[in-house]
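A short worksheet on the structure shown next.
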Amino acid sequence: MAEKMDAKLDYNQKKEEVVVDANRKLRIGIIGCGWIADSHIDSYKRMPDVEIVAGCDLIPGKAAAFFKKNGVEGVKTDYASHKEMLDDESLQLDAVSICTYNRQHAEPAIYALNKGVHVMLEKPFTVTIEEAAEVMKAEKASGKVLSIGFQPRLDPNMQMIKKIVDSGELGQIYYIQTGGGRRRGIPTPFGTSFIEDKTAGLGALADIGCYSLDMVLNAIGYPKPLTVTGYKSDFFGKDPNYVGYGAHHEYADLFGVDDFAAAFVRLEGGIILDFRIA
Amino acid sequence: MNIDTPGDTIILGTKGGLRIPSTDCWNGSVGGPMKIYHEVCGLQTETVVPIINDHGPSLFDRKIRSFLDACKNGTPAPVPSSQIIYNQAILDGIAKSAKVGREVEIVIPEI
């Protein structure tokens, strides 16, 4: 009986095969060779129509080490900055993945778009709305593709949420509650780039809160937000004995973002969004 | 935080409600089979939406593939900034409201 119930809860669906024209290759660069860049390069390596030609990082030598670790050869990495890389016309770059920390999202994206290069920009979009607007102005002027890295959009279950709403099965939507969080999940895998204000700008609110927001807002057609009452706190991040810091008690002094946020948002169409993230 | 989850995602509508089991970070798929709470012939009931497994490439591969296709084919970005600007506006608004301690109006700059 238990097996039958499990079978009912698991729907197998064959995914359509995608045919890719491998004769037409795109020349790709990677800006920021840290944690998430591993996922980008893993995927690019599996694409038959991609040639990875360049990479750069603020830390000298990091880009070269990154490509060596990932077994990708023939990549130019001797750049002191993303500007130097994007200025190198010999690369004939078609697109870049921007995998930098949050405060280094806007400027490289603007520079790349102004150079006529398509951009895959990791989430969150930017740190401030003003930065986001500047990036969009560059996108509009360039006519190039700017895509923000929300991979759950490609998941069939996430897509089903939108299908259910669009079907009218729920009627008129008036209230959404969403969020998520990790009981002890402040990320310090490779230092403090996620927790310092000068690099991250925003903490859990943007790092994972943006995913919750995208899931529900995409489902209801992304209505315009009108007003918000928001709250942020940092009780855990500021605690030198936070279990996730291990021996790095000094991280508590460097913690300059949020580890919890909550909000009550009014959206166009009379919809209320009740949000919390940790 | 000192709790296991801040709660499931729920979407309430005039004809039905959708419960999406919680997960710590919505960077992949749903946390379990969803449920639609609705009426069938006047009876309040729940419909379980099974988890879909399409045995396809990883989400990251799909993300990169959809971006490359947009670049090659001149089609719109798979996750366009015209939507994510509203996501960013909410994040920005939460930060601003938290700083001043009261509700704020969300202003989207002219593009």
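Just so it is clear, the model here is predicted, and its values are computed rather than measured.
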Exercise. For the pair B:Tyr86 and A:Tyr222, name the ring-plane relationship: parallel under 30°, tilted 30 to 60°, perpendicular over 60°.
Key: tilted
Exercise. Measure the shortest side-chain to side-chain distance between B:Phe60 and A:His40 over non-hydrogen atoms and say whether it is less than 4.5 angstrom.
Key: yes
Quiz item: Under 3.5 Å, is there a donor-acceptor pair between the side chain of A:Arg153 and the main chain of B:Val79?
Solution: no
Quiz item: With chain B, which of A:Asp155, A:Val228, A:Val145 has the greatest number of heavy-atom pairs at distances under 4.5 Å?
Solution: A:Val228
Exercise. For the pair B:Ser29 (side chain) and A:Asn157 (backbone), establish whether a donor and an acceptor sit closer than 3.5 Å, ignoring hydrogens and angles.
Key: no
Exercise. Measure A:Asp94 against the heavy atoms of chain B and call it side chain, backbone, both or neither at under 4.5 Å.
Key: neither
Practice problem: For B:Gln88 and A:Thr126, indicate whether the former's side chain and the latter's backbone hold a donor-acceptor pair under 3.5 Å. | Solution: yes
Quiz item: Measuring from B:Trp26:CH2 to A:Ile161:CD1, what's the distance to the nearest 0.5 Å?
Solution: 6.5 Å
Exercise. Check each atom of B:Thr23 against the heavy atoms of chain A and say whether the ones under 4.5 Å are side chain, backbone, both or neither.
Key: backbone
Self-check item: Proximal component of B:Leu18, with respect to chain A [non-hydrogen, under 4.5 Å]
Solution: both
Quiz item: Is there a side-chain contact between A:Tyr211 and B:Cys25, using heavy atoms and a 4.5 Å cut-off?
Solution: yes
Practice problem: Between chain B and each of A:Leu205, A:Val50, A:Asp207, count heavy-atom pairs under 4.5 Å; write down the option with the most. | Solution: A:Leu205
Quiz item: Measuring heavy-atom distances to chain B, does A:Leu217 have an atom under 4.5 Å in its side chain, in its backbone, in both, or in neither?
Solution: side chain
Quiz item: B:Asp92 versus chain A, heavy atoms under 4.5 Å apart: side chain, backbone, both or neither?
Solution: side chain
Self-check item: Region of A:Met120 in contact with chain B, defined by heavy-atom distances below 4.5 Å
Solution: both
Quiz item: So among A:Ile176, A:Ile164, A:Thr178, which one has a side chain to side chain contact (heavy atoms under 4.5 Å, CB included) with B:Ile11?
Solution: A:Ile176
Quiz prompt | Region of B:Ser81 that comes under 4.5 Å of a non-hydrogen atom in chain A | solution = both
Quiz prompt | Nearest-0.5 Å distance, CZ of residue A:Arg182 to CG of residue B:Asp4 | solution = 15.5 Å
Quiz prompt | Interatomic spacing from CE in A:Met160 to CD1 in B:Ile51 - rounded to 0.5 Å | solution = 11.0 Å
Self-check item: N/O donor-acceptor pair under 3.5 Å between A:Gln151 side chain and B:Gly28 backbone
Solution: no
Self-check item: Spacing of A:Met47 atom CE and B:Ile64 atom CD1 [to the nearest 0.5 Å]
Solution: 7.0 Å
Practice problem: Answer yes or no: is there a donor N or O on one side and an acceptor on the other, between the side chain of A:Lys224 and the main chain of B:Ile108, under 3.5 Å? | Solution: no
Quiz prompt | Salt bridge flag under 4.0 Å for residues B:Lys96 and A:Glu130 | solution = yes
Exercise. To the nearest 0.5 angstrom, please state how far the CZ atom of B:Arg19 sits from the CD atom of A:Gln177.
Key: 8.0 Å
Quiz item: Hey, which of A:Arg276, A:Arg183, A:Lys140 has the most heavy atom pairs under 4.5 Å with chain B?
Solution: A:Arg183
Exercise. Look at A:Thr128, A:Ile208, A:Ile28, A:Leu121 and state which one has the largest set of heavy-atom pairs under 4.5 Å with chain B.
Key: A:Thr128
Self-check item: Atom group of B:Met1 that falls short of 4.5 Å from chain A, counting heavy atoms
Solution: both
Practice problem: Please look at B:Val107 and chain A and tell me whether the side chain, the backbone, both or neither of the residue comes under 4.5 angstrom of a heavy atom of that chain. | Solution: backbone
Quiz item: Based on non-hydrogen pairs under 4.5 Å, which of A:Asn218, A:Ile271, A:Asp49, A:Leu202 is most in contact with chain B?
Solution: A:Asp49
Quiz item: Roughly how far apart are A:Met158 CE and B:Asn27 CG, rounded to 0.5 Å?
Solution: 8.0 Å
Quiz item: Any sub-3.5 Å donor-acceptor pair from B:Asn87's side-chain atoms to A:Cys210's backbone N or O?
Solution: yes
Practice problem: May I have the step-by-step check of side chain to side chain contact (heavy atoms under 4.5 Å, CB included) for A:Glu134 and B:Ile111, ending in yes or no? | Solution: CA-CA 8 Å; A:Glu134 291 305 308; B:Ile111 306 300; over 6 Å; no
Quiz item: Do you know which of A:Tyr231, A:Tyr175, A:Tyr174, A:Phe125 has the most heavy-atom pairs with chain B at a distance under 4.5 angstrom?
Solution: A:Tyr174
Practice problem: Please answer whether the main-chain N or O of A:Thr229 pairs with a side-chain N or O of B:Arg102 as donor and acceptor at a distance below 3.5 Å. | Solution: no
Self-check item: A:Ala262 portion near chain B, given a 4.5 angstrom heavy-atom threshold
Solution: backbone
Exercise. Answer whether the closest heavy-atom distance between the side chains of A:Ile129 and B:Pro109 falls below 4.5 Å.
Key: yes
